[in-house]
S.K.: 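To start, I am sharing the structure in question, which I have written as structure tokens.
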Amino acid sequence: MSAFSSGNDAGKAGKIVDILKNRFGEIPWWPGNTDEVMIGAILTQQTRWENVEQALQQLKDRDMCSMAAMNAADAEKIEAAVRCTGFYRIKARRLKALAGFVTDICGGVDLMASIPTPTLRAGLLGVYGIGEETADSILCYGFSRPSFVVDAYTERIAWCAGITTPRSALKPLFESVIAEDSHVYHQTHAHIVEYAKGWCTKKRCEGCRIMALNG
DNA sequence: GACCAGGTCCTTG
DNA sequence: CAAGGACATGGT
């Protein structure tokens, strides 16, 4: 595909990062304290962020927007508060599982924050309802760890750029081309989502031509 | 009314 | 291990 840049996948990934940084600069992304980020990470699964914000507000209104409160709350109460995000029964179950892990297993967020990243990631992946994207979102935005978040948009953009690395290996690929800096990790994922939502709108859009944006 | 949304788990072949 | 279905509300 001559419209796309040539070269290896790492080169293409690095170029995507640079192009998007120049295009968007600093953008606000994923507000909230650690508890709110963890809750939002579950709620945003296969769901628009605007709906997640509504649910977070509902939880706040009911004093349930924390791991400790959720650990103690009835599942039905949580279901009612997160209904607007869809999959509300299973998400309530996942939130309870996470709250149990954070509160009972780790002994709270403060102790959790002292766990080394590989150990913490493995622990999160063992929690019901937490897969790679959710775990990395929690690590990156909740604990400011340099753990790159790969989502459906990352996969799309990589495809449009001609990257052939499979999705399962996109995390180490992008981590190899960006600085070991939590702020860079935050912004890079944000840029990818922001771009893909607006311009790389289909699974294999073929139309956004991302690599042509800056030559 | 059809289709999709910042996934993950479970069941089959 | 890959593929397909389930989970569910809300917006376009």
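These numbers come from the heavy atoms of this one structure, side chains and all, not from hydrogens, waters or symmetry mates. Numbered from 1 within each chain, the chains take letters A, B, ... in sequence-line order.
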S.K.: Any idea how Phe174(A) and Phe148(A) line up, ring-wise: parallel (<30°), tilted (30 to 60°), or perpendicular (>60°)?
M.R.: parallel

S.K.: Answer yes or no: is there an ion pair linking Arg23(A) with Glu194(A), defined by an N-O contact shorter than 4.0 Å?
M.R.: no

S.K.: Using whole Å, report how far CZ of Arg156(A) lies from P of dG6(B).
M.R.: 8 Å

S.K.: Closer to the 5' end of DNA chain B via nearest nucleotide, is it Thr201(A) or Arg93(A)?
M.R.: Thr201(A)

S.K.: Report yes or no: does Asp136(A) contribute a side-chain atom to a donor-acceptor pair with the main-chain N or O of Ser147(A) at less than 3.5 Å?
M.R.: no

S.K.: Please examine the side chains of Phe101(A) and Met67(A), heavy atoms only from C-beta on, and report whether any two atoms are closer than 4.5 Å.
M.R.: no

S.K.: Within a 6.0 Å radius of atom NZ on Lys171(A), are there more than 12 heavy atoms belonging to other residues, nucleotides or ligands?
M.R.: yes

S.K.: Categorize Arg94(A) for me: base, sugar-phosphate, or nothing, with a 4.0 angstrom heavy-atom threshold over every strand shown.
M.R.: base

S.K.: In whole Å, I'd like the distance from the OH atom of Tyr153(A) to the C1' atom of dC4(B).
M.R.: 9 Å

S.K.: Around Lys77(A), counting heavy atoms of other residues, nucleotides and ligands shown, do more than 12 lie under 6.0 Å from its NZ?
M.R.: no

S.K.: Specify whether His183(A) and His186(A) have parallel, tilted or perpendicular ring planes, treating 30° as the upper limit for parallel and 60° as the lower limit for perpendicular.
M.R.: perpendicular

S.K.: In dot-bracket form, 5' to 3', how is DNA chain B paired? Count Watson-Crick and G-U wobble pairs only if both distances fall under 3.5 Å, and write | where the partner sits on another strand.
M.R.: .||||.|||||||

S.K.: Going by number, which of residues 45-59 of chain A have a non-hydrogen atom under 4.0 Å from DNA chain C?
M.R.: Arg48(A), Asn51(A)

S.K.: Atom CD1 of Ile39(A) and atom C1' of dG6(B): how far apart are they, to the nearest Å?
M.R.: 17 Å

S.K.: What is the separation between atom NZ on Lys91(A) and atom P on dG6(B), rounded to the nearest whole Å?
M.R.: 11 Å

S.K.: Would you indicate whether the side-chain heavy atoms of Val149(A) and Trp30(A) approach each other to under 4.5 Å?
M.R.: no

S.K.: What is the distance, to the nearest angstrom, from the CZ atom on Phe87(A) to the C1' atom on dG7(B)?
M.R.: 8 Å

S.K.: Kindly compute the distance separating CG (Leu173(A)) from CD (Glu175(A)), expressed to the nearest 0.5 Å.
M.R.: 10.0 Å

S.K.: Quick one, which residues of residues 21-37 of chain A touch DNA chain B with a heavy atom under 4.0 Å?
M.R.: Trp29(A), Trp30(A)

S.K.: Measure across Ala81(A) and Arg62(A) and return the closest heavy-atom pair with its distance rounded to 0.1 Å.
M.R.: N-NH1, 3.8 Å

S.K.: Is there a side-chain contact between Ile39(A) and Val52(A) (heavy atoms, below 4.5 Å)?
M.R.: no

S.K.: If we take the P atom in both dC3(B) and dG5(C), what is their distance in whole Å?
M.R.: 14 Å

S.K.: Of all the heavy-atom pairs spanning Pro146(A) and Glu180(A), show the shortest one and how long it is.
M.R.: CG-OE2, 3.5 Å

S.K.: Using the heavy-atom set of chain A and a strict 4.0 Å cut-off, write down the first and last nucleotide of DNA chain C that makes it in, 5' to 3'.
M.R.: dC7(C) to dG10(C)

S.K.: Rounding to the closest angstrom, what is the interatomic distance between dA8(C) and dT11(B) at atom P?
M.R.: 16 Å

S.K.: Determine the Euclidean distance between corresponding P atoms of dA2(C) and dG6(B); express it in Å to zero decimal places.
M.R.: 26 Å

S.K.: Tell me yes or no: between the side chains of Asp9(A) and Thr165(A), is some donor less than 3.5 Å from an acceptor?
M.R.: yes

S.K.: Side chains of Gln45(A) and Arg94(A): donor-acceptor distance under 3.5 Å anywhere?
M.R.: yes

S.K.: Using salt bridge (charged side-chain N to carboxylate O under 4.0 Å, His left out) as the criterion, list what pairs up with Glu53(A), not counting sequence neighbours.
M.R.: none

S.K.: Please check if any side-chain donor atom of Lys91(A) sits under 3.5 Å from a side-chain acceptor atom of Thr47(A), or the reverse.
M.R.: yes

S.K.: Answer with base, sugar-phosphate or nothing: what part of the nucleic acid does Thr134(A) contact at a heavy-atom distance below 4.0 Å?
M.R.: sugar-phosphate

S.K.: Please report the distance, rounded to the nearest Å, between CG in Leu98(A) and C1' in dT8(B).
M.R.: 14 Å

S.K.: Scan residues 119-133 of chain A against DNA chain B and write down, sorted by residue number, each residue with any heavy atom closer than 4.0 Å; if none is found, say none.
M.R.: Val127(A), Tyr128(A), Gly129(A), Ile130(A), Gly131(A), Glu132(A), Glu133(A)

S.K.: I'd like to know if Arg89(A) pairs up with Glu79(A) as an ion pair, taking the criterion as any Lys NZ or Arg NE/NH1/NH2 lying under 4.0 Å from an Asp or Glu carboxylate oxygen.
M.R.: no

